[in-house]
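Because the structure is predicted, anything quoted here is derived from the model rather than measured. Only heavy atoms go into these numbers, but all of them, side chains included; no hydrogens, no water, no symmetry mates.
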Amino acid sequence: MTRLSVEMLAADAPEPITSAGHAQLGIAVLAGIAVIVLLITKFKLHAFLSLTIGSLALGAFAGAPLDKVITSFSAGLGSTVAGVGVLIALGAILGKMLADSGGADQIVDTILAKANGRTMPWAMVLIASVIGLPLFFEVGVVLLIPVVLMVAKRGNYSLMRIGIPALAGLSVMHGLVPPHPGPLVAIDAVGANLGVTLALGVLVAVPTVVIAGPVFSKYAARWVDVPAPERMIPQRPSEDLERRPGFGATLATILLPVVLMLAKALVDIVIDDPEHHVQRVFDVIGSPLIALLAAVLVGIFTLGMPAGFSKERISSLVEKGLAPIAGILLIVGAGGGFKQTLIDTGVGQMVLDISEDWSIPALLLAWLIAVAIRLATGSATVATVSAAGLVAPLAADMSTTHAALLVLAIGAGSLFFSHVNDAGFWLVKEYFGLNVGQTIKTWSIMETIISVVAGALVLLLSLII
C-alpha cells in the first residue's frame, strides 16, 4: 500500500493516484463510512461526533498523517459553517416567527376554507409546500400534524389521504429546495449557483410532490386505513393569540427570499455582465444572506407586530429560534469537515477517475452515493453532506445548470426509503398512530417515490438543458 504524502493532503488538487492508492482509498472510504454508520445506528452517538470520528478514521485508513487530517477537518468545518451557518440561522428565525405569530395557521386556515373533499389533498400539499419553504422538516411536521389530524377527523377523511400530501410537501422542500440545510451544503460543496439551483429545484419539486403526494395518497389510503389518533391532537400555536397576521402579508414574507434569489438568477442570465450596475444591485439583494435577512426584518413588521408581540417577545422569539439549530449547525459543519477530508486525501479525485473509467453519468453516480449513505445512516442531511464531498470534483468542468442538477441529484438520493434508522420514520409513526409495517407501506414508500421521481426528472433535465 502506498502511503499518502503530506503534500497530497495540503494540495488543493490531489496528484494522480496509483491503482494501489485507489484500492487503499476505497478501503478508507468504506471504513470511514462504516465507522459513522456504526456509531450512529449501533451506539446511538450524535451525528456530529460520529462524523468527526469517521473523518479521523478515514484519514488513518488512508495512511495520511493525523495532524494533517485534523487540519483538513477543521478547515472544512470552518468553511462550511461560514458559508451556510448564517443562512440556517436566519431560516430558523423566520420559521419560528412564522409558527409563533400564527402566520402558518393563517395560511392553513385560509386555504382549507376554500377546499372541499376532492381538492383537500391538493390543498394539503400546497399548504405543506408553502410552509415548508422556511421551516426545517421536523418543525414543519410538528406544526402541520395537528392540522392533518383535525381535518381528517372533522371531515371524515382517510388519514393517509390527507397526511401523505402534507408529508410529501415538507419532504420535497427539505431535500430539494434552498434555504434548507442539505441543499445549501451541497451548493457550497460543489460550487453551484444558488439561484439556478433554486429555480431548477422548484421545477423538479412540483411534479415530484404531485406524484408522491395527492396521487400516491390514493393507494396509501387503501393499504392503510386508520383513524386519526385523538391523543395526538395538540394545541395549535395561534390558539393562545388574540390576533394573527393576514394571509397576504404572511405569504409575501415567506416568498420574499425566494423571489429575490430567483430575480438575481434571472438577471444573471439576461444581462450576463458582472460590471453592469443592475446586475451588481441584484447580486447584493438576491444573495442568500441579504434575501433571508430581509425576510426576517420584514417578518418583524408583517408577522410579529400584527400578532401583538412586544419588542421583548420578538427578541425572545429570535433567541428561541436559534437554540434548536445548534445540533444542525454542528452536524452540517462536521459534514463539511468530512467532505474536506475526503477531498484532501484524494478520494474526490478517485471518484472522478472511477466515474470516467466506468462511464457512469455523474448525476446518476451522485444519486446512488446519496442513496447508499441514506440507507446506511438514516439521515438525509448526513447523506447530502457526505455525498456532496465525494462527488464535488465532478462539478469542476460542469456548466452552471448541470452543477445545480448535481446538487438536486444528491438531494433526491438523500430522501430514498426512510426506515427504522431515521428519526423522521418514528416521528411519523407515533404522530399517526401507525405500526412499523404501516409506516413502511406509507411513509417509506412515499420517500422512495420522491427520490426516484426527482432523480429521474434531474436526469431528464440534464439531457434537455
Sequence neighbours excluded, which residues qualify as salt bridge (Lys or Arg N to Asp or Glu O under 4.0 Å) partners of D283? K264
To the nearest 0.5 Å, what is the distance between CZ (R280) and NE2 (H276)? 11.5 Å
Would a 4.5 Å heavy-atom cut-off, applied to side chains only, mark L45 and I53 as touching? yes
Quick one: pull up CG in L159 and CG in L149 and give me the separation to the nearest 0.5 Å. 6.0 Å
Hey, is the main chain of A383 close enough, under 3.5 Å, to the side chain of S386 for a donor-acceptor pair? no
Should R161 and S217 count as side-chain neighbours, where that means a heavy-atom distance under 4.5 Å? yes
Answer yes or no: is there a donor N or O on one side and an acceptor on the other, between the side chain of S451 and the main chain of A412, under 3.5 Å? yes
Presence of salt bridge, D109 and R244, under 4.0 angstrom: yes
Taking all non-hydrogen atoms of both residues, which atom of L170 and which atom of G140 are closest, and how far apart? CD1-C, 3.5 Å
Does D273 offer a backbone N or O that forms a donor-acceptor pair with the side chain of Q279 under 3.5 Å? yes
Is it the case that the side chain of T439 and the backbone of K429 share a donor-acceptor pair, with hydrogens and angles ignored and the cut-off at 3.5 Å? no
Working to the nearest 0.5 angstrom, can you tell me the gap between L262 CG and L194 CG? 9.5 Å
Would you please classify the geometry between the W223 ring and the Y219 ring as parallel, tilted or perpendicular, with 30° and 60° separating the classes? tilted
Contact check, side chains of L94 and T253, non-hydrogen atoms, under 4.5 Å: yes
Can you label the angle between the F137 ring and the W443 ring as parallel, tilted or perpendicular, going by 30° and 60°? tilted
Gap between atom CD of Q106 and atom CG of L98 - 0.5 Å precision: 11.0 Å
Are the side chain of S310 and the backbone N or O of R313 linked by a donor-acceptor pair below 3.5 Å? yes
Check: S414 side chain, G411 main-chain N or O, donor-acceptor pair, under 3.5 Å: yes
So, the side chain of T442 versus the backbone of Q438: is there a donor-acceptor pair under 3.5 Å, distance only? yes
F216 versus I211: any side-chain heavy-atom pair under 4.5 Å? no
Salt-bridge criterion met for D422 and R374 (N-O under 4.0 Å): yes
If you measure from CG on L408 to OG on S462, what distance do you get to the nearest 0.5 Å? 11.0 Å
Backbone N or O of V284 within a donor-acceptor pair of the S287 side chain at under 3.5 Å? yes
Would you say that F338 contacts I36 through its side chain, given a criterion of any heavy-atom pair below 4.5 Å between the two side chains? yes
Side chains of L457 and P207 in contact at under 4.5 Å (non-hydrogen atoms): yes
Hey, does V209 have a side-chain heavy atom less than 4.5 Å from the side chain of I450? no
Polar side-chain atom of H419 near backbone of L375 as donor-acceptor pair, under 3.5 Å: yes
Separation of L463 CG from L405 CG (nearest 0.5 Å): 10.0 Å
G182 backbone acceptor or donor facing H174 side chain under 3.5 Å: no
